[in-house]
Every structure is written in structure tokens, then in C-alpha cells.
Amino acid sequence: MKAHVLLILLSAILAFGSLGCGKKEETPTTAPETPAAGKTVDPATAGTISGIVKFTGTPPPPVRLRMDADAACARLHRGPVTVREVETGANGGLARVVVYVKEGLEGYTFPPATEAIELDQEGCMYQPRVLAVRTGQPIEIVNSDDTTHNIHPIPKVNREWNRSQPPRGEKIVDSFARQEVAIPVKCNIHPWMQAYIAVIAHPYFQVTGEAGTFELKNLPPGTYTLEAWHEKLGTTTQQVTLGPNETKTVEFVFQGS
Amino acid sequence: MHTQYRPGLHRYAFATAVATLLLLVAGGLVTSNDAGLSVPDWPLSYGSLFPPMVGGIVYEHSHRMIATLVGLMTIGLVVWVGRTEHRAWVRRLAYAALALVILQGVLGGLTVLFYLPRPISIAHATMAQIFFTLVAALALFTSRWWLTAAPLPATEASRQTEKFALWTALTILVQLILGAAYRHGWLGITPHLLGAGAVLVATSWTGRLVRQAAPAVAMVTRLRILLSSLVGTQILLGLGAWWAVVRNQQALQPLPEMVWLTVAHLACGALTLATATLLWLALRRVTASRAVDETGLRTAIYPSALQEGGRQ
């Protein structure tokens, strides 16, 4: 048989063979990192760290998004769609900052978080843009739009995945096993869609609202490193020592250009 | 055996090369629009042959469809060459093109299934350029010019020119790999900038040598001028693309100027590699002392085969 016939046969076999071997099923999420049984928090001595995250300077102007790549998205908005990466409140408070205890809770164990947290795709935008969850906590991904989305988290230490979700399709439920602040989430169909999921191994975290305030309750006495993470402005940390039943107030400041 | 010029085959090979350039542009649009993972499955798209063409899916699925067209055209080329071509080395090159296009399809699939791993993405980008150059070379080998070109007397200077032309083509290939490595985030811009300097020096020097070695061969002159023009254009496009990429880093979605400048830079790079390779081949064709008939590449590149009586 001539060599070219053989090559054509080979290409046909490869082509048809590949049709039958599409992407294998996503493996189920691995179990979250569970530290060996350790100390638990004693509510009788626990305290609170509260505070505010502020932004000084001039925040960057809102960025206009072009949604014309998908008519279904463009139809959902009457006027121009803009995003403010740095969202500030009236008192200079900075929104969408993840404040969490980065160090100081080693040796403690906490009951797992089982309540699902929702990440919606509405108006071809992620709602909310910044989400914080516990390791292993279920994340319910909802598509409220009349168009297909793909959800593609791009973690550094967790498992990467990429799944499509048809218009108003079935919820996708998944979780992340390891602490990571924060995992960018993209929709490659609509490149303007961007969210961040902060995955934290304990319950001491909060995402600030427009006022920029946060409150971490029921913390055991100890010395902690608190980190404030912002998608555009990066991170800043502070050390706080908390005595029994004490309430401490801290202030994070992000400097604008 | 005398190889007859077949205009239909030559035009078909040329059309395959044009379709491949279109495929390269489509692939570049996928990367620049960050749409490589907009279709999460492969080889089907959303489990079908024709998914909803919105957003990034437009780029990714168009790329897949053009790739299918180029694959089919390559199969057609292999069949045509296999049936009509007397030169065994041309047939072998056609088989190599088919093997490359299959491998390229598999690499493209792997980029989707493994979420754009850098080494595979870079290999996919590089293989595309090599495949385009190979198909362009097949168009040259089946051309009337190749089959009828009159040889020039071989001199030491012409042999040096051929060698330098080959090294220039290889330098451009390395530069394209460095460019792909930068584009896919594996290397910084510095190696690519240094590569641009090397390409500029190599092509300028080759142009000078070629002017001296084969001043009266119209095909060689055309390729030489085309190569110089492409390198100049490519440097300007490269600077523009770099500016746009840096600007795009702060953007919330791909900026149109970044998309078009990077894709134009990619396409111009492919044309530069192909032109440099064709220039080398054309020089071999006309300046090798034993390249006296249409046997072409075998006698041109491996003249010792004739001396040894190893003619096919």
C-alpha cells in the first residue's frame, strides 16, 4: 500500500478516534485540607477585631465595557455598562476588599462550612465580583442570563477547571480544597466578565461593602496577622494582638496614585 | 523522468498556503481575544458541530472550522501530489505536511483539554509557522519557475550565500519561538527583542550577499526585496504590538488595537519565515552546480546524491 494512502488512513483513524474521546469527566473536588484535631475556640474568652479599609487618593475612573460581542448581553443593558475596579464609599471606605486572618490561627480546627454560597452571572457580569468562601465550602454557580457562559477559575494552588453553563441552565456546584486569596474567575466567551474567589481555611474573613468596614467576631486571644486583599490595589497586612474578651479596631489604608 | 508543470496542482498548493495563513490569523485572534477556552470541549464544540456563535466562541470555533478546511485541503494536496508527482522528495514533503497538520490538530486539542499549558501552546504556535512554511515551499516546488529555472555557475560566494540564507531562515524560526514564548507568558520580552536585532542583521546581510550572488534572477530578487520589506514592517508591527500589549495589561477586556496589532505581527512573522525559507530554496535551486534539471530539492540540497548515483 502506498505511503500516502497509509497516512490518509492514519489521519482518518486519528480524527474519528478523537471524536470518541472527548474531555474526560471532571474529577470530583478533592476533600478540603483538614488539619489534625486541634484547639477549638472558647467563646468565653473570644474577642473581636473590627475596622475599616480606606482608600486615599483619586480612584481610577470607571471603565466602559464593550458587550457588543454578544447581542444577548448588550440587550440586557440600556445605557453604557461601566465597572469601577476601585469602588469607594462616602467616607473613603473601600469596597470589595477581603480582610482575613492570614497568620495566628495555626493549631485550631473549625467545623466545616456546608452552606452554599452563590455566584450569579447576571447581565453578563458576575454577582458578586468578589466572593470569599471557606475551603471545601460549596459554591453554587448560577446563570441568570439568556446566553451561554463558561466559568473558568484560574487558581495557582487549587484545581483548575472550565465548564460551560447554558442559558438559565442547571446550577454548577463546586468547591476549592486549599486556601488561596484570591482565585481569578473568567468567562472566556465574554472576556469582560471577571470575578475573584478568596478561599480561606477558617471562618475569620469578610468582604467589605461600600462603607469599607469589617468585623471578625469570636476570635480566640492571640497575635494575628491580618491581611487586606484588593483585586487592583494588592495586599496590605497588620499585626494585632487580641487579649481575652477584647475588642480591637484596626484601619487599613490603600494609597491611590 | 521529466516532471511536468501542473498549473492546477501549483495553484492548489498556493491556495492551501493562503488558507493556512488565514488559519494563522484565526489562531492569533483566539489568543489575542483570550478565547482559547471559550469552548471547553474538544474535538466537538459544546457537544455539537456548530455551537452558538457568540463572544469568544466566534473566534475559537471559526479557528476550528478553518483548521478542518486546511486539514482537508492538505489531504487533497497529498492525494494530488501522490498521484501525479514523480519527485519522491516532493511526495515525502507532502506526507510530512499531512503529519504536521494532524499533530497540530492534536496539539490544539490538548491546549483546550489542559487549559492552555504554556509548552503546548508555544509548540502549537511554532508548529503553525512551520506548517505554513512547508506548504508555501510545496507551492514553490510545484511552480513553473522551480521546474524550469536556469542554473547559475556555482561559486564559493554563492555557496556561502546559500548557507547564510539558511541560517537567516533558522534565526527567524528561533525568533518566532521566542515571540510565542513571550506571547504565552513563558519568557519576558528581552529575548524576543534581542532576536529581532539578530533577524535584522541576518536579513540585511543576506540581502547584500544575495544581490552579489544572484543579481539577475527575478524570483530571487523578488524574494529578497519581499523579505527586506517584511522585516521592516515586522519591526514596526512588533513595536506597535508591544506598546498595545503593555497598555492592554491594565484593561478589563482585550483592546481592539492590541488584538489587531498582535495578530498582524504574528501573520507578518509567518510570512517572513516563509519568505526567508523560499529565498534559501530558490538560491539552492539556481546556484547549486548540479541543479540542472527539475529534480529540484534533492539535487539542489543534496548534490552528493547525484555524484553517488543516488538519483531517484
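Values in this document were obtained by computation on a predicted structure and should not be read as measured data. Below, each value reflects all heavy atoms present in this structure, side chains not excepted, and no hydrogens, waters or symmetry copies.
- Around atom CH2 of B:Trp243, more than 12 heavy atoms belonging to other residues, nucleotides or ligands sit under 6.0 Å away.
- Put simply, of B:Pro51, B:Gly36, B:Gly56, B:Ser38, the one with the most heavy-atom pairs under 4.5 Å next to chain A is B:Ser38.
- A cation-pi arrangement, defined by a distance under 6.0 Å to the six-membered ring centre and an angle within 45 degrees of its axis, is present between A:Arg163 and A:Trp161.
- Of the listed residues B:Ala35, B:Pro52, B:Pro254, the one with more heavy-atom pairs under 4.5 angstrom with chain A than any other is B:Pro254.
- With respect to A:Trp229, the ring pair (Phe, Tyr, Trp, His ring centres under 6.0 Å) criterion is satisfied by exactly one of A:Tyr196, A:Tyr100, A:Phe214: A:Tyr196.
- Heavy atoms of B:Tyr46 lying under 4.5 Å from chain A belong exclusively to its side chain.
- No part of B:Glu60 comes within reach of chain A, as not one of its non-hydrogen atoms sits under 4.5 angstrom from that chain.
- Only the side chain of A:Thr148 comes within contact range of chain B, with heavy atoms under 4.5 Å apart.
- In terms of non-hydrogen atom pairs under 4.5 Å with chain B, the most contact-rich of A:His152, A:Arg66, A:Gln194, A:Met193 is A:Arg66.
- A:Gln127 and A:Gln121 form no side-chain donor-acceptor contact under 3.5 Å, judged by distance and modelled atom types alone.
- In this structure, A:Asp145 and A:Gly123 approach most closely via the heavy-atom pair OD1-N, 2.7 Å.
- Both the backbone and the side chain of A:Leu65 come within less than 4.5 Å of a heavy atom of chain B.
- Across A:Thr147, A:Asp68, A:Val83, A:Asp70, the residue that shares the most heavy-atom pairs under 4.5 angstrom with chain B is A:Asp70.
- Each of B:Leu113, B:Leu110, B:Thr111 was evaluated against B:Trp42; a single residue qualifies, B:Leu113, per the side chain to side chain contact (heavy atoms under 4.5 Å, CB included) test.
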